[in-house]
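Data first, discussion second: the structure below is written as structure tokens.
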Amino acid sequence: MLRFRVLLRSTCGWSRRMCFRAEEGFHRHFQLHRIKVMGLLHPFCAIFLLCLIGLLFVYELCYVLPQITDPHGIWHKLCWFMGIYTVINILGNWWLGCMTNTSVDSLVLERQYPVAGEAHLWHYCSTCQKLVPPRSWHCSLCNICILKRDHHCTFFASCIGHKNQRYFLAFLFHLSFGSGQALVYNGILNWTNKAFLVVDPLLLMFQDTTQDADFKWKYTIANLFKLNLFLFGVPLFMFVFQMIMVYRNSTCYKMLDRSYDVGWRRNFDMVLGKRRFWIFFSPTISSPLPTDGTQWFQKQTV
């Protein structure tokens, strides 16, 4: 029994050392090729996003909408207005989120160092080799410390942090809203053409598809409806998750940390700014943040 325990401990120790070496080797290899990876991944994600938005915009408004509404009616014009408004908001928030520098280096020089009496709240970044504010963490992809780092977004080609989280939230909101509009249009189109159940595998087993001259067309629009449902669910889930994090004043980097929760109103002010939910109407609405990302109020404990 004693020999078995010794063997088990030596095996576990060997496994830990191997895992540590593998992780260290991965990080070393990644740092060597980081620029190449980001140079390919970020443009690919941006092009994919723009192409997807463009294709859905053209398909929904130029093909689906004329089949379910009167092209000369007020409803048709209203849907076109809402579609254009949504796409402008998606692209506007995406662009401003990409262009906003939320790193520690974006602070004015004197704010990149702790003021008197606050040095103990800052922590040392061994990669940047300097003190950084509380809630700031180093991103291995951006290779810089980010103010109140939430996560790295490849579609934004940068980290989501203190200064650009409002744009990310509005981006997700309008993605969900736009894909929700498209889901309604596709739902009406499938309903009027009785195409909802065409792609059901069980029904296809007992259905003679040769008798339906429009089967291929119905099969296509039914699959597009399912794709649209997926494209609606993903951003909606991400938006709800992010709103929960904001409500708790937590981040994806430290989900369980609620030490900065100062009440939902002030929590939302910390992310959305002075005008709070008005920022969802337009990315150009000015909404100053209450802090510069170096000072944070913590929940008082009794």
Side-chain angles (χ1 to χ4, degrees), residues 45-98 155-156 166-200 203-204 207 209 211-240 242-243 272 275-285 287:
C45 290
I47 293 171
F48 174 78
L49 177 69
L50 295 175
C51 290
L52 184 62
I53 292 172
L55 288 172
L56 288 177
F57 179 82
V58 173
Y59 172 72
E60 298 298 335
L61 296 183
C62 298
Y63 178 74
V64 177
L65 195 60
Q67 296 194 49
I68 63 175
T69 61
D70 177 13
H72 302 288
I74 186 66
W75 179 248
H76 186 86
K77 294 180 175 63
L78 180 62
C79 289
W80 260 96
F81 171 77
M82 291 302 297
I84 295 172
Y85 170 77
T86 304
V87 169
I88 289 175
N89 270 278
I90 291 172
L91 297 180
N93 282 291
W94 172 74
W95 178 254
L96 290 175
C98 292
F155 291 104
F156 272 48
R166 62 160 282 189
Y167 298 117
F168 183 68
L169 284 168
F171 170 76
L172 291 177
F173 172 79
H174 286 284
L175 270 183
S176 304
F177 182 69
S179 55
Q181 292 180 64
L183 190 65
V184 172
Y185 303 155
N186 285 325
I188 296 173
L189 181 66
N190 277 264
W191 180 264
T192 55
N193 289 278
K194 300 179 180 179
F196 266 120
L197 302 178
V198 168
V199 290
D200 192 308
L203 292 178
L204 286 176
Q207 185 179 3
T209 58
Q211 300 297 322
D212 190 351
D214 297 326
F215 173 76
K216 290 185 178 180
W217 180 69
K218 291 180 180 180
Y219 185 81
T220 301
I221 63 173
N223 275 300
L224 287 172
F225 175 80
K226 289 188 174 183
L227 175 63
N228 192 177
L229 186 62
F230 172 77
L231 294 176
F232 171 68
V234 171
L236 180 63
F237 170 80
M238 294 177 65
F239 175 72
V240 172
Q242 281 285 317
M243 291 298 282
L272 304 182
R275 290 180 173 80
R276 209 174 291 166
F277 299 105
W278 288 101
I279 62 103
F280 289 113
F281 285 97
S282 173
T284 59
I285 292 177
S287 185

Going through the checks in order, is the side chain to side chain contact (heavy atoms under 4.5 Å, CB included) test met by Asn186 and Leu229? CA-CA 10 Å; Asn186 285 325; Leu229 186 62; over 6 Å; no
Verdict with reasoning, Phe177 to Ile90, per side chain to side chain contact (heavy atoms under 4.5 Å, CB included): CA-CA 10 Å; Phe177 182 69; Ile90 291 172; over 6 Å; no
Please determine whether side chain to side chain contact (heavy atoms under 4.5 Å, CB included) holds for the pair His76 and Asp70, giving the CA-CA distance in whole Å, both sets of side-chain angles, and the decisive distance to 0.1 Å. CA-CA 6 Å; His76 186 86; Asp70 177 13; 5.9 Å; no
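Residues passing the ring-ring contact (aromatic ring centres under 6.0 Å, His included) test with Tyr167: none are found, sequence neighbours excluded. For Asn93, there are no side chain to side chain donor-acceptor pair (under 3.5 Å) partners at least two apart in sequence or on another chain. Partners of Tyr63 according to the side-chain contact (heavy atoms from CB on, under 4.5 Å) rule, which considers only residues two or more places apart in sequence or in another chain, are Tyr59, Gln67, Trp217. Residues that satisfy the side-chain contact (heavy atoms from CB on, under 4.5 Å) test with Leu52, not counting sequence neighbours, are Phe48, Leu56, Leu231. In terms of the side chain to side chain donor-acceptor pair (under 3.5 Å) criterion, residue partners of Gln242 (sequence neighbours excluded) are, by chain and number, Asp150, Gln165. For the ring-ring contact (aromatic ring centres under 6.0 Å, His included) test, residues two or more places apart in sequence or in another chain that qualify with Phe277 are Phe268. A search for side-chain contact (heavy atoms from CB on, under 4.5 Å) contacts involving Leu236 returns Ser176, Phe232, Val240, not counting sequence neighbours. With sequence neighbours excluded, the residues that form a ring-ring contact (aromatic ring centres under 6.0 Å, His included) with Phe57 are Trp80. Residues that satisfy the side-chain contact (heavy atoms from CB on, under 4.5 Å) test with Val234, not counting sequence neighbours, are Phe230, Met238. Applying the salt bridge (charged side-chain N to carboxylate O under 4.0 Å, His left out) test to Arg275 and every residue at least two apart in sequence or in another chain returns nothing. The ring-ring contact (aromatic ring centres under 6.0 Å, His included) check on Trp95 picks up nothing, with sequence neighbours excluded. By the side chain to side chain donor-acceptor pair (under 3.5 Å) test, Ser287 pairs with no residue at all, sequence neighbours left out.
Lys77 places none of its side-chain heavy atoms less than 4.5 Å from the side chain of Phe81. Looking only at side-chain heavy atoms (C-beta outward), Glu60 and Leu65 stay at 4.5 Å or farther from each other. Side-chain contact between Leu49 and Phe171 is present, with at least one heavy-atom pair separated by less than 4.5 Å. Between Leu169 and Leu272, some side-chain heavy-atom pair lies under the 4.5 Å cut-off. Using a 4.5 Å heavy-atom cutoff, the side chains of Phe239 and Phe168 are not in contact.
Across Leu189 and Asn193, no two heavy atoms sit closer than the pair O-ND2, 2.7 Å.
Under a 3.5 Å cut-off, the side chain of Tyr185 and the backbone N or O of Gly180 do not form any donor-acceptor pair. The backbone N or O of Leu224 lies less than 3.5 Å from no partner atom in the side chain of Asn228, so there is not a single donor-acceptor pair. Distance alone, capped at 3.5 Å, places no donor-acceptor pair between the Asn89 side chain and the His174 backbone.
Ring orientation note: the planes of Phe173 and Phe280 are tilted relative to one another, at an angle of 30° to 60°.
Phe225 CZ to Thr220 OG1: the interatomic distance, rounded to the nearest 0.5 Å, is 15.5 Å. Atom CZ of Phe237 sits about 11.5 Å away from atom CG of Leu172, to the nearest 0.5 Å.
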